[in-house]
Amino acid sequence: VYLGPAVDQNHGLDRSYAEAVKAAEPRFIRLAYTGLGGSQTAADEFALPVANSKPTINNQGFKDGGVRSLDAGLQLCLDTTADPYLVLGSYLDQTSLHNLLEYLCGPVSEPYDQLRMLNDRIIPYTENFNRIILEFSDEEGLFSSDLQRSSYVNLMIRTIEQSAYYRELKSKLIYVDGMNYESGVLLSRADYHASDFELDLSELSNPTLTKAFLAAA
């Protein structure tokens with residue numbers, strides 16, 4: 001049962017929200033809501049229709065898992081002429097990564113491309129985007145050493161490069177290493193490193209630091 005404005009039914013997102021994002025004219029939209037590679041997310045949940053959710057019941061009652069459909073975010077990117085920024089968790093394996101690439105750019109003869117067709121998308125998504133950012137992260141703390149973290153990122157990059165779809169994706173992909181390395185240095189083959197930025201605002205009482213902060217801003 002769908003409850004909401006009829007105009008929103010085919011988009012999966014509130015129309016006013018989509019219009020606000022469009023007005024901001026973002027270059028990229030980070031689609032972390034999908035839970036791709038999360039321990040509590042089914043491997044193929046990203047390919048389900050926009051209206052899907054994953055309800056659960058525990059001792060605290062009923063909980064709606066929320067929309068995981070990647071199609072909702074990709075459609076928002078298309079509507080706002082932004083490129084997608086996908087966040088991939090450390091529980092993502094090589095098979096699931098292949099299925100994701102197939103969903104994005106494979107021919108309609110493949111299983112995951114047929115799922116894409118069920119979401120009313122026949123043409124591969126890659127034909128409409130100039131760039132696709134893939135960030136590999138470990139927010140659930142699966143890895144215990146920098147070597148494990150960098151090895152996983154390199155394995156995922158190598159898996160993409162060995163894919164049948166890599167030739168089409170090669171000029172579009174940007175790899176971001178989102179691991180929190182103990183050394184604080186990028187250790188993988190990724191193009192960029194994303195790490196948390198923390199600033200102690202109490203230190204800005206120092207006139208020198210305040211001047212430097214304002215100059216940077």
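In this chain, residues are counted from 1 in sequence order.
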Check: Of the options M179, Q148, R158, which is the one that meets V153 in a side chain to side chain contact (heavy atoms under 4.5 Å, CB included)?
Finding: M179

Next item on the list: State the CD-CD distance between Q162 and Q94, to the nearest 0.5 angstrom.
Entry: 8.0 Å

Check: What is the minimum heavy-atom distance between A43 and S96, and which atoms define it?
Finding: CB-OG, 3.7 Å

Check: Which atom pair, heavy atoms only, marks the closest approach of L100 to L88?
Finding: CD2-CD2, 3.9 Å

Check: Under 4.5 Å between side-chain heavy atoms, hopping through other hydrophobics if needed: is there a path connecting L169 to L155?
Finding: yes

Check: Would a distance-only check, ignoring hydrogens and angles, find a side-chain to backbone donor-acceptor pair under 3.5 Å from D191 to I174?
Finding: no

Margin query: Within the supplied structure, the quantity of interest is the number of heavy atoms (other residues, nucleotides, ligands) at a distance under 6.0 Å from L142 CG; does it exceed 12?
Written below: yes

Check: What is the minimum heavy-atom distance between F129 and C77, and which atoms define it?
Finding: CE2-CB, 3.7 Å

Next item on the list: Using modelled atom types only, decide if a donor and an acceptor are shared between the side chain of E45 and the backbone of R68 within a distance under 3.5 Å.
Entry: no

Margin query: Testing the basics here: between S163 and H98, what is the closest heavy-atom pair and its distance to 0.1 Å?
Written below: OG-ND1, 4.4 Å

Margin query: When you measure from the side chain of T80 to the backbone of V21, do you find a donor-acceptor pair of N or O atoms at a distance under 3.5 Å?
Written below: no

Next item on the list: Classify the angle between the aromatic ring planes of Y152 and F143 as parallel (below 30°), tilted (30 to 60°) or perpendicular (above 60°).
Entry: tilted

Margin query: Counting only heavy atoms not in Y192 (residues, nucleotides, ligands), do more than 12 fall under 6.0 Å from its OH?
Written below: no

Notebook entry, point to check: Is there a path from I133 to Y125 through hydrophobic residues (I, L, V, M, F, W, Y) whose side chains come within less than 4.5 Å of each other?
Noted result: no

Margin query: Looking at every heavy atom in both F28 and P84, which two are closest together, and how far apart are they?
Written below: CD2-O, 4.5 Å

Check: Say you draw a straight line from CD1 of I29 to CG of L86; how long is it, rounded to the nearest 0.5 Å?
Finding: 11.5 Å

Notebook entry, point to check: Rounded to the nearest 0.5 Å, how far does OH of Y175 lie from OG of S188?
Noted result: 11.0 Å

Notebook entry, point to check: When rounded to the nearest 0.5 angstrom, what is the spacing between CG in L76 and CG in L31?
Noted result: 7.5 Å

Next item on the list: Report yes or no: do Y181 and F136 belong to one cluster of Ile/Leu/Val/Met/Phe/Trp/Tyr joined by side chain heavy-atom distances under 4.5 Å?
Entry: yes

Note to self: Could you check whether atom CD of E127 has more than 12 heavy atoms from other residues, nucleotides or ligands sitting under 6.0 Å from it?
What the structure shows: yes

Notebook entry, point to check: In Å and rounded to the nearest 0.5 Å, what is the CG to CG distance from D83 to L74?
Noted result: 11.0 Å

Notebook entry, point to check: In the single-linkage hydrophobic clustering (I, L, V, M, F, W, Y; side-chain heavy atoms under 4.5 Å), do L104 and L78 co-cluster?
Noted result: yes

Next item on the list: Would you mind listing every salt bridge (charged side-chain N to carboxylate O under 4.0 Å, His left out) that reaches into residues 131-143, with sequence neighbours excluded?
Entry: R30-E135

Check: When you measure from the side chain of Y33 to the backbone N and O of S69, does any donor-acceptor pair fall under 3.5 Å?
Finding: yes

Item checked: Connected via hydrophobic side-chain network under 4.5 Å: L92 and Y85 -> no

Next item on the list: Mind telling me whether Y103 and F46 have parallel, tilted or perpendicular rings, with 30° and 60° as the class edges?
Entry: perpendicular

Margin query: Please give me the minimum heavy-atom distance between E102 and Y112, naming the atom from each residue.
Written below: OE2-N, 2.9 Å

Check: Got a second to check how far L134's CG is from L173's CG, nearest 0.5 Å?
Finding: 5.5 Å

Check: Any donor-acceptor pair under 3.5 Å linking the side chain of R116 with the backbone of G106?
Finding: yes

Next item on the list: Any pair with a residue in residues 164-181 that passes salt bridge (charged side-chain N to carboxylate O under 4.0 Å, His left out), sequence neighbours left out, goes on the list, sorted by first then second residue, please.
Entry: none

Item checked: I132 and T126: CA distance, side-chain angles, deciding distance, side-chain contact (heavy atoms from CB on, under 4.5 Å) verdict -> CA-CA 8 Å; I132 298 177; T126 48; 3.9 Å; yes

